[in-house]
Amino acid sequence: LLRRALESRSWWTHGLVSDADLVFVLHDNPHSRRFAENTLSQWYPAARQVFLSTYTRGAALTAAAGCALLPDMHEPICLDLADILFDCEIDPAALFDRPDTGALALTFPSDKPVYSYLRRNAAGEVIETAEKRVISGEASAGVYFFRSTTVYLKALAHIMDNETAHTHRNLFFVCPILNGVLPQGL
């Protein structure tokens, strides 16, 4: 699933990213160490890896550990949970041509509360996101782009300051981080 998800994304198939652009964040245990050494290093030899000694309070915080390895905090980043397969043809970098675009999320139609959801205004701009709560017919595909690491980390800080409204089961999921992009004027 991991290889199929990552390598079927249009930004991969069009050569916009390579294994040198990947950062994997793993729980530090014998199984994940073996997987990293025997499998990940063969599939993606130039990828970087971060091992965390304990579980975090959610994927949004786990992703922050991966951000620490990025060489340029001002380039766009993609957080791909790599758990949903889909086909799309986009050039994410081109989508950031508008200076007021701070983040992008790929979506699909759904009404099942097992997903994250985005709600848009009449202009098509995201005005709210929610975790495991149906607020629209547009569910997140688990792939998020941020204009930069700094935009992501500022959004994360905003969500942490407003923890009760933006966590689900006391965890920080990635989709609600988009709510922290809006106060940045993006």
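- Put simply, Leu79 and Leu22 are part of two different groups of oily side chains (I, L, V, M, F, W, Y) that touch within less than 4.5 Å, one to the next.
- For the ring-ring contact (aromatic ring centres under 6.0 Å, His included) test, residues two or more places apart in sequence or in another chain that qualify with Tyr152 are Phe146.
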Return a table of donor-acceptor pairs under 3.5 angstrom between the side chains of residues 44-52 and protein atoms on other chains or two or more places apart.
unit_1	atom_1	unit_2	atom_2	d
Tyr44	OH	Glu7	OE2	2.8
Arg48	NH1	Leu69	O	2.9
Arg48	NH2	Ala20	O	2.8

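- Remark: Glu125 engages Asn121 in a side-chain hydrogen bond (donor to acceptor under 3.5 Å, both in side chains) (not counting sequence neighbours).
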For this session: Test side-chain contact (heavy atoms from CB on, under 4.5 Å) on Ile159 and Phe172 and set out the steps.
Result: CA-CA 8 Å; Ile159 297 309; Phe172 290 96; 3.8 Å; yes

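- Rounded to the nearest 0.5 Å, atoms OH (Tyr144) and CG (Leu81) are 6.0 Å apart.
- Among pairs with a residue in residues 174-186, none fulfils salt bridge (charged side-chain N to carboxylate O under 4.0 Å, His left out), at least two apart in sequence or across chains.
- Pairs of residues two or more places apart, or lying in two chains, never qualify as salt bridge (charged side-chain N to carboxylate O under 4.0 Å, His left out) while including a residue from residues 173-186.
- In the hydrophobic clustering of ILVMFWY residues, with side-chain heavy atoms under 4.5 Å counting as a link, Met160 and Val181 come out together.
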Side-chain polar contacts of residues 103-115 - donor-acceptor pairs under 3.5 angstrom, sequence neighbours left out - could you list them?
unit_1	atom_1	unit_2	atom_2	d
Thr107	OG1	Glu138	OE2	2.9
Ser110	OG	Lys112	N	3.1
Ser110	OG	Tyr117	OH	3.2

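- A pairwise comparison of heavy atoms in His158 and Gly180 identifies CD2-CA, 3.6 Å as the closest pair.
- In this structure, Phe96 is not a member of the same hydrophobic cluster as Leu118, with clusters built from ILVMFWY side-chain heavy atoms closer than 4.5 Å.
- Thr129 and Asn179 share a side-chain donor-acceptor pair at under 3.5 Å.
- Evaluation of the salt bridge (charged side-chain N to carboxylate O under 4.0 Å, His left out) test over residues 66-75, restricted to residues two or more places apart or in two chains, returns none.
- Taking the side-chain hydrogen bond (donor to acceptor under 3.5 Å, both in side chains) definition, one finds that Thr62 meets it with Thr56, sequence neighbours left out.
- In terms of heavy-atom proximity, Leu2 sits nearest to Ala82 at CD1-CB, 3.9 Å.
- Listed by chain and residue number, Leu153, Leu156 satisfy the side chain to side chain contact (heavy atoms under 4.5 Å, CB included) test with Ala64 (two or more places apart in sequence, or in another chain).
- No chain of hydrophobic side-chain contacts below 4.5 Å, direct or via other Ile, Leu, Val, Met, Phe, Trp or Tyr residues, connects Val23 to Leu26.
- For Leu182 against Glu128, the heavy-atom pair with the smallest separation is CD1-N, 4.5 Å.
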Problem set entry | Trace of the side-chain contact (heavy atoms from CB on, under 4.5 Å) decision for Phe24 with Phe35 | CA-CA 11 Å; Phe24 293 96; Phe35 177 68; over 6 Å; no

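- The minimum heavy-atom distance linking Trp12 with Leu6 is given by the pair CB-O, 3.4 Å.
- A donor-acceptor contact shorter than 3.5 Å is absent between the side chain of Thr39 and the backbone of Ala36.
- Annotation for Phe173: hydrophobic cluster partners, listed by chain and number, are Leu171 (ILVMFWY side-chain heavy atoms under 4.5 Å, direct or chained).
- Using a 4.5 Å cut-off on side-chain heavy atoms (C-beta onward), Arg9 and Val143 make contact.
- Judged purely by atom type and a 3.5 angstrom limit, Ser32 uses its side chain to pair as donor or acceptor with the backbone of His27.
- Nearest heavy atoms, Cys67 versus Thr149: CB-CG2, 3.7 Å.
- Residues Val17 and Val25 fall into different hydrophobic clusters, defined by Ile, Leu, Val, Met, Phe, Trp and Tyr side chains chained together at heavy-atom separations under 4.5 Å.
- Residue pairs meeting the salt bridge (charged side-chain N to carboxylate O under 4.0 Å, His left out) criterion with at least one member in residues 160-180, sequence neighbours excluded, are Arg57-Glu163.
- Rounded to the nearest 0.5 angstrom, Asp100 CG and Gln184 CD are separated by 12.5 Å.
- For the pair Pro99 and Leu186, the tightest heavy-atom approach, listed with the atom from each and the gap, is O-CD2, 3.8 Å.
- Interatomic distance, SG of Cys78 versus CG of Asp21, reported as 10.5 Å (0.5 Å rounding).
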With a 3.5 Å cut-off and sequence neighbours excluded, list the donor-acceptor pairs that the side chains of residues 85-92 form with protein atoms.
unit_1	atom_1	unit_2	atom_2	d
Glu89	OE1	His14	NE2	2.6
Asp91	OD1	Ala93	N	3.2

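- Interatomic distance, Ile135 CD1 to Arg120 CZ, rounded to the nearest 0.5 Å: 11.5 Å.
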